[in-house]
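What follows is a single structure, written as structure tokens, with notes after it.
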Amino acid sequence: MIVFDHVSKTYPNGYQALKDINLTIEQGEFVAIIGLSGAGKSTLIRTINRMHDITDGTLTVDGVNVMELKGARLRQFRRNIGMIFQSFNLVTRTTVIKNVLTSRVPELPFWRALLGAYPKKDKLEALEALDKVGILDKAFVRADQLSGGQQQRVALARTLAQNPKIILADEPVASLDPVTAKQVMDDFRRINREMNISVLINIHHVDLALQYADRVIGIKAGEVVYDGPASEVNEAV
Ligand code: ADP
Ligand code: ADP
């Protein structure tokens with residue numbers, strides 16, 4: 001469960017990107033965060049895994065105050081939260097399976113990761129994750145030979161191999177064509193339903209948000225202006 005209690009965020013240059021955010025997100029929810037460019041969507045989801053620090057209020061994840069985490073505990077906490085980006089962030093010159101396995105590197109002795117000597121169990125789990133997103137047949141293909149939609153699925157598989165409880169996705173389908181975007185949204189929804197992973201997606205396509213999410217949060221100039229079922233989104237956003 002993620003709880004924002006009077007959370008604000010002011011960037012070092014003095015710009016207040018989040019203003020008194022109060023939200024509770026239950027385990028297993030599928031949430032779309034919508035709003036114009038610059039509204040604060042990216043800042044909002046990036047506070048959850050501490051890519052950005054909040055400057056006021058309290059943010060807790062499963063009862064843990066995220067601002068109190070540091071060192072090894074912060075790294076462990078981040079490992080339970082998957083992050084997906086618009087630009088996929090893959091190592092394009094290497095194979096799909098190696099990209100998925102990089103999610104394991106922090107757990108391996110450095111020299112083993114360097115040699116690519118991953119335990120068999122990790123390799124099997126990586127293949128299983130690729131199977132879950134329907135691209136098992138691409139496991140040994142170089143990542144740069146895949147289409148955008150396939151690359152985003154690799155990113156999703158890499159995140160699944162971390163066994164996350166939460167997946168944060170920052171405009172994951174913004175650079176995909178409409179058909180591929182829907183396929184990737186289908187993957188997010190299936191993963192959400194089958195694995196009870198909480199999914200928070202920033203998305204500027206309101207139609208996709210309404211079609212896929214259970215709950216829609218509308219952000220405008222750093223404030224929550226709508227929070228409710230997708231079926232009731234109105235002019236507020
Ligand atoms: P969105 O994801 O909705 O497009 P962002 O969260 O990226 O919005 O940005 C919200 C606001 O905060 C924007 O006005 C942006 O310019 C500003 N902002 C983002 N990052 C920084 C930063 N590092 N320093 C100062 N301002 C920032
Ligand atoms: P992304 O789409 O990956 O979030 P952005 O282009 O929104 O990338 O932002 C890239 C980087 O620039 C981020 O670290 C963000 O915090 C920072 N940034 C965005 N807007 C501003 C701003 N107005 N002032 C300073 N830094 C900013």
Side-chain angles (χ1 to χ4, degrees), residues 2-25 29-61 66-67 69-70 74 77-78 81-90 148 151-152 155-156 159 164 166-178 180-181 184-185 188 192 197-230 232-237:
I2 303 164
V3 181
F4 287 83
D5 183 18
H6 296 290
V7 168
S8 296
K9 158 78 181 170
T10 303
Y11 278 109
N13 68 355
Y15 185 81
Q16 192 179 13
L18 298 177
K19 298 169 191 163
D20 195 31
I21 304 284
N22 294 288
L23 292 168
T24 298
I25 295 157
E29 277 196 89
F30 192 124
V31 181
I33 300 162
I34 63 175
L36 298 176
S37 178
K41 306 181 294 297
S42 185
T43 305
L44 181 73
I45 66 165
R46 286 167 195 226
T47 62
I48 296 170
N49 65 351
R50 278 282 298 280
M51 274 176 88
H52 287 319
D53 288 349
I54 62 169
T55 49
D56 266 298
T58 312
L59 172 57
T60 56
V61 176
V66 302
M67 290 302 289
L69 292 169
K70 37 183 183 293
L74 178 59
F77 169 79
R78 285 196 172 124
I81 302 180
M83 185 88 200
I84 300 279
F85 301 91
Q86 174 175 351
S87 50
F88 323 132
N89 289 12
L90 301 181
Q151 289 194 35
Q152 195 56 295
L156 205 44
T159 281
I166 301 168
I167 293 179
L168 308 174
D170 200 355
E171 295 285 358
V173 300
S175 53
L176 305 177
D177 65 79
T180 310
V184 171
M185 291 300 287
F188 276 108
N192 164 257
I197 296 172
S198 307
V199 174
L200 278 75
I201 299 191
N202 285 349
I203 188 161
H204 67 263
H205 293 99
V206 178
D207 51 334
L208 283 180
L210 301 187
Q211 189 179 343
Y212 284 93
D214 304 320
R215 173 177 174 188
V216 172
I217 295 171
I219 306 284
K220 194 170 177 179
E223 292 183 87
V224 174
V225 291
Y226 178 84
D227 181 9
E232 290 168 21
V233 173
N234 55 31
E235 296 302 313
V237 182

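Atoms within a ligand are numbered from 1 in the order they appear, just like the ligands themselves.
At a threshold of 4.5 Å between non-hydrogen side-chain atoms, the residues Thr43 and Tyr11 count as touching. Put simply, the side chain of Gln152 reaches to within 4.5 Å of the side chain of Pro172, judged on heavy atoms.
The N/O atoms of Ser42, backbone and side chain alike, include one that comes under 3.5 Å of an N/O atom in ligand 1. Some N or O of Lys41 is nearer than 3.5 Å to an N or O of ligand 1, by distance alone. Distances between N or O atoms of Gly40 and those of ligand 1 include at least one value under 3.5 Å. Between Ala17 and ligand 1, no N or O atom pair is found at a separation short of 3.5 Å.
Residue contacts with ligand 1 for Leu36 involve N, CA, C or O but no side-chain atom from C-beta outward (heavy atoms, distance under 4.0 Å). By the criterion of a heavy-atom distance under 4.0 Å, the side chain of Asn13, and not its backbone, is placed next to ligand 1.
Side chain of Asn22 to backbone of His6: a donor-acceptor contact under 3.5 angstrom is found. Between the side chain of Gln16 and the backbone N or O of Lys9, no donor-acceptor pair lies under 3.5 Å. In terms of modelled atom types and a separation under 3.5 Å, the side chain of Lys220 and the main chain of Gly40 share no donor-acceptor contact.
Close approach to Ala39 involves these atoms of ligand 1, each under 4.0 Å from a residue heavy atom: 1 (P), 3 (O), 8 (O).
Among residue pairs with one or both ends in residues 51-60, those qualifying as salt bridge (Lys or Arg N to Asp or Glu O under 4.0 Å) are Arg50-Asp53; sequence neighbours excluded.
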